[in-house]
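Residue numbers run from 1 in the order of the sequence given. Quick caveat, the model's predicted, so the values are computed rather than measured.
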Amino acid sequence: MTMHVNSYYAATAHRQDARPALQGSASADVCVIGAGFTGINAAVELAERGVSVIVLEAVRVGFGASGRNGGQIVNGYSRELDVIAARYGESAGRVIGGLACAGGDIIRERVRQYNIQCDLRPGMLITAFSARQMRGLEHHVKTWNGYGFDAFELLDKAGLAPHVTTSRYVGGLLDKRGGHIHPLNLVQGEAAAFEALGGRIFEGSPVISVDMENAVVRTALGEVRAKTVLVCGNAYLQGVLPALEGRVMPVSTQVMATEPLGDEAQRLLPSDVCVEDANYVLDYFRRTADGRILYGGGIVYGGHDPASIKAKILPHMLKTFPALRDAKIDYAWSGNFALTLTRFPQIGKLAPRVYFSHGDSGHGVTTTHLLARLLAEAVTGNNTRFDVFAGLPYFPFPGGKLLRVPLTVAGSFWYRARDALGV
C-alpha cells in the first residue's frame with residue numbers, strides 16, 4: 001500500500017493504521033469520498049447522529065493536505081469579514097462572520113471528547129513587516145470585535161519579544177483562540193473516533209465514477225450504494241468529477257522541519273505560539289513538540305513541486321532566524337491545497353443526493369472542520385447554515401484550465417510587489 005509522503009508528520013505519527021481496500025458491494029446511508037479533515041469530520045458528525053457511513057480514500061487517511069499542512073489553527077477565512085459582508089450581503093456576512101472561530105472550536109472539541117493526542121497548543125501570531133500591515137491588523141481587530149470576537153492583543157515590536165526572537169517585524173497581532181497541532185495525528189485520531197462509532201474506512205480505494213442519480217460510488221474493485229454521497233476530495237480529486245475540478249486550482253505549498261534544536265527552539269519561539277506573517281505570499285512557522293522549527297511558505301500555482309523545496313524555503317527561514325544557518329534540515333515536503341477564484345470555500349450540491357465541499361484556499365485546518373459540520377447538518381435535515389454558504393456565487397478562473405495558472409501568477413505580482421515595497 002502507498003505510504004504517506006516523507007514528512008515530519010508521517011515520521012512522528014502515533015498511528016499507522018492500514019485499512020483494507022473496498023472489494024465487492026457495500027451499502028450505507030452516506031458514502032464519503034476522501035479521508036481528509038472534511039470527509040473524516042463529516043463522517044464523525046454523521047456517526048454521532050446515528051447515520052451509517054462508509055469513507056472511501058484513494059491512498060491513506062490524511063494523505064493529502066490534511067496530513068501535510070503547517071498545522072496552524074488560523075481562525076476565519078482567506079478574506080476579511082467585512083469584505084465578505086460587502087461582497088455577499090449583510091445577512092450572509094453575519095452568518096459567515098459569526099462562524100469565523102467555529103472551526104478551531106470544533107478541533108478543540110474533538111481533541112477533548114475523543115482524547116486525541118495531537119500536540120494541541122494555544123496561540124497564533126500574525127506578524128507585520130510595515131506600518132501598512134500594522135494598520136491592516138488594527139482593522140482586523142476592529143472588524144472582528146464587531147462580530148463579538150475579542151481574543152486579540154495588538155503588539156508593538158517590543159511586545160513581540162515574549163513570542164518570537166527576530167528583528168524582522170515591526171509588530172503583530174496575537175489571536176488567543178488560534179493555535180497549532182500535529183495535523184496527521186489529528187486526522188488519524190478523528191478517523192479512529194469515527195471507527196469507534198461504527199464507521200467504516202476503506203483505503204487504497206480511488207473512486208472511478210459516481211452515479212449521480214442513484215448515489216452509487218464505484219472503485220476499481222467494488223461499489224458503495226448509499227442514500228447520499230459527500231465529495232470531499234478537494235485538491236486531490238483528479239479525473240473523477242470534472243465539474244468540480246474546474247472550480248478550483250491546485251496550489252502547492254512547501255514545508256521544512258529542522259533537526260531537534262533543544263533549548264534553541266524555545267529561545268526562538270518562547271511562548272510556543274505559531275506564527276504567520278501578513279504578506280500576500282506568507283511564511284508560517286512554529287515549534288514542534290520535540291523541539292524542531294517547522295517552517296513553511298512559498299506557493300506554486302498548478303500544484304507542482306519546486307525543483308528543490310529546501311532551496312525555496314531555507315532562505316526565508318534564515319532571514320527570520322539567522323541563528324539556524326548551521327541547523328540540519330531533517331524533512332522537506334510539499335502538498336496541495338485547492339484555491340478558488342474568490343479565495344472563499346465552496347459547498348453545495350452536484351445533484352439532489354450528491355453534496356460537495358472544497359476550495360478552503362489556505363485556511364483548510366479550520367474551515368474543513370466547520371464545513372464538515374454544515375454538511376452533516378444538511379444531510380440530516382437542517383439546511384439553514386449550509387444554504388447560506390451554498391448560496392454564495394461561484395466564479396470560474398479566467399482562461400479555464402489552460403490559462404488559469406499564468407493569469408493567476410500575473411495577478412499575484414501586484415500583491416507581491418506591494419509587500420516588497422511595504423506600501
Would you please say whether a donor-acceptor pair under 3.5 Å links the side chains of Asp272 and Gln266?
no

Measuring centre to centre across the rings, with the benzene-like ring taken for any Trp, is Tyr9 within less than 6.0 Å of Trp333?
yes

Answer yes or no: is there a donor N or O on one side and an acceptor on the other, between the side chain of Arg225 and the main chain of Asp29, under 3.5 Å?
no

Residues Asp175 and Asn75: side-chain donor-acceptor under 3.5 angstrom:
yes

When you compare the side chains of His14 and Gln188, does any donor N or O come within less than 3.5 Å of an acceptor on the partner?
no

Between Tyr236 and Phe337 (side chain of the first, backbone of the second, donor and acceptor by atom type, cut-off under 3.5 Å), is there such a pair?
no

Using the six-membered ring of Phe202, assess whether NZ or CZ of Arg19 lies under 6.0 Å from its centre and within 45 degrees of the ring axis.
no

Do Tyr331 and Asn6 get their side chains close enough for a donor-acceptor pair, meaning under 3.5 Å?
no

Under a plain distance cut-off of 3.5 Å, with no hydrogens placed, do Glu109 and His369 share a side-chain donor-acceptor pair?
no

Is a side-chain donor or acceptor of Thr166 paired with a backbone partner of Thr320 at a separation under 3.5 angstrom?
yes

Partners meeting salt bridge (Lys or Arg N to Asp or Glu O under 4.0 Å) with Asp387 (sequence neighbours left out)
none

Assess the side chains of Gln254 and Ser252: does a donor N or O sit below 3.5 Å from an acceptor N or O?
yes

For Glu45 and Ala376, indicate whether the former's side chain and the latter's backbone hold a donor-acceptor pair under 3.5 Å.
no

For Asn383 and Glu377, does a side-chain donor sit closer than 3.5 Å to a side-chain acceptor?
no

Near Lys310 NZ, under 6.0 Å, is it more than 12 heavy atoms from other residues, nucleotides or ligands?
no

With no hydrogens and no angle check, just 3.5 Å: does a side-chain donor-acceptor pair link Asp277 and Thr127?
no

Do Ile116 and Glu190 make a side-chain contact, defined as non-hydrogen atoms from C-beta onward lying under 4.5 Å apart?
yes

